[in-house]
2 protein chains.
Amino acid sequence: MKSPFSAKTVQPDISLSVCGYRKVLDIISSKWTALVIYAMEDGIIRYGEIRRRIEGISKKMLTQTLRQLERDGLVKRVITPSVPPIVEYSLTRLGESLLEPMRALNKWTKEHYSLVEQARAAYDQGNNEE
Amino acid sequence: MKSPFSAKTVQPDISLSVCGYRKVLDIISSKWTALVIYAMEDGIIRYGEIRRRIEGISKKMLTQTLRQLERDGLVKRVITPSVPPIVEYSLTRLGESLLEPMRALNKWTKEHYSLVEQARAAYDQGNNEE
DNA sequence: CCGTATCCAGTATGATACTG
DNA sequence: CAGTATCATACTGGATACGG
C-alpha cells in the first residue's frame, strides 16, 4: 500500500493561518502568558500581587503580557484612580473558558512528564552524552 | 475582605520549574511543533511528506523539530537504509496521548477564536488605530 | 503603585548551498 | 531522499532608569 495520504488526491495543507493549534499557541505560548492566566485563576488580583506570585517575571514582561491578554479579550483591567492607583486584573468569561483546555494540558503533564524526562535521559545517553 | 492570597500566609509561587503549564509549553510551543505532531495524527508518514503537508516549513526547522520530539519520546523514527533512504516517522504512545489535550485546545479555538478576533478589533479601535 | 522608555544580549528562525 | 553546514536576521526577553 502506498502512503495513506497520496491515496485520495492530496490531504489539505496544514497551513499556518488555518490551523487551530497555531492560533491558540499564538495566544498562550509566549514565555509568561500561561503563568499569568494561571495567577488569575482564583479571581481578582492586583498587578503587584501577580508579580509576587510569578517568580522571576519583570515588570516589562508582566505589563506586556497583560496588555496582550487584554487585547485578546481574555483579561479585564479595572483602574481605581486613587493615589497611589489601584489596578485590578481578572479573567473575562472568555479567559475562564480557556482554563479548561489548559487544565487538560496541565493534567497531561502531571501524568506523563516523567516519561518525557526518561526519554530525554535515554536519548542523551544513546548519543554518548556530549 | 483583603486579597484572597494574603489571607493564608502566602500562596506558593508559580515558579517556572514547578508549573505544569510551562513544562508542556516547553514541549509544544515552538513555532512548528504542534503542526508536526498534527501532521502525524493519521499514522506513519515520511519526511518529505511532512514537508509537503506543512506549508512553509524549512528542512532545517523540520529536522530540528523532529529531533526534539524524538528526544522527548513523542515521536519514533525508523530508517530503511535503501538507496535512496526511507525515513518514516510516527507518534509513540506517549505522543498520541498528547493529542487528546491538544485537541481540547483545538476545540476551544474553533469555538472561541472569533471572539478573540472581535476583542482585538475592538481594542485596536479603542486605541485610535495607530 | 503601576507603569513606560531605552538599550542590549541571546535565541529562534530562515535562505542557501552542499552531502551520503 | 533526507538530511547537515553556514551565515544572516528578526524577535524575545532582561536590566536599568525615569514618570504620573
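Every chain is numbered from 1 and lettered A, B, ... according to where its sequence line falls, protein lines coming before strand lines.
For Arg71(A), the salt bridge (Lys or Arg N to Asp or Glu O under 4.0 Å) partners at least two apart in sequence or on another chain are Asp124(B). Partners of Glu111(A) under the salt bridge (Lys or Arg N to Asp or Glu O under 4.0 Å) rule, at least two apart in sequence or in another chain, are Lys107(A). In terms of the salt bridge (Lys or Arg N to Asp or Glu O under 4.0 Å) criterion, Arg93(B) has no residue partners (sequence neighbours excluded). Not counting sequence neighbours, the partners of Glu88(B) by the side-chain contact (heavy atoms from CB on, under 4.5 Å) test are Ile44(B), Arg46(B), Ile86(B). Taking the salt bridge (Lys or Arg N to Asp or Glu O under 4.0 Å) definition, one finds that Arg67(A) meets it with Glu70(A), sequence neighbours left out. By the side-chain contact (heavy atoms from CB on, under 4.5 Å) test, Ser114(B) pairs with no residue at all, sequence neighbours left out. A search for ring-ring contact (aromatic ring centres under 6.0 Å, His included) contacts involving Tyr47(A) returns nothing, not counting sequence neighbours.
One interatomic measurement links the two molecules: NZ of Lys31(A) to C1' of dC11(D), which rounds to 14 Å at whole-angstrom precision.
Within the structure, every pair that satisfies the salt bridge (charged side-chain N to carboxylate O under 4.0 Å, His left out) test and touches residues 96-105 of chain B, not counting sequence neighbours, is listed here: Glu41(B)-Arg103(B).
When DNA chain C is scanned in the 5' to 3' direction for atoms under 4.0 Å from non-hydrogen atoms of chain B, the outermost contacting nucleotides are dT13(C) to dG20(C).
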request  = Represent DNA chain D in dot-bracket notation, 5' to 3'. Only Watson-Crick or G-U wobble pairs with both distances under 3.5 Å count; pseudoknot-style crossings use [ ] and interstrand partners use |.
outcome  = ||||||||||||||||||||

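Here the closest non-hydrogen pair linking Arg22(A) and Ser30(B) is NH2-O, 3.2 Å.
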Between the protein and nucleotides 1-5 of chain D, which nitrogen or oxygen pairs are less than 3.5 angstrom apart?
from, atom 1, to, atom 2, distance (Å)
dC1(D), O3', Arg46(B), NH2, 2.9
dA2(D), OP1, Arg46(B), NE, 3.0
dA2(D), OP1, Arg46(B), NH2, 3.1
dA2(D), OP1, Val87(B), N, 3.4
dA2(D), OP2, Gly48(B), N, 2.9
dG3(D), OP1, Arg67(B), NH2, 3.0
dG3(D), OP1, Arg77(B), NH2, 2.8
dG3(D), OP2, Tyr89(B), OH, 2.6
dG3(D), N7, Lys59(B), NZ, 3.3
dG3(D), O6, Lys59(B), NZ, 2.6

I'd like a table of donor-acceptor pairs (distance under 3.5 Å, sequence neighbours excluded) in which one partner is a side-chain atom from residues 76-84 of chain B, with atom names and distances.
from, atom 1, to, atom 2, distance (Å)
Arg77(B), NE, Tyr89(B), OH, 3.2
Ser82(B), OG, Pro84(B), O, 2.9

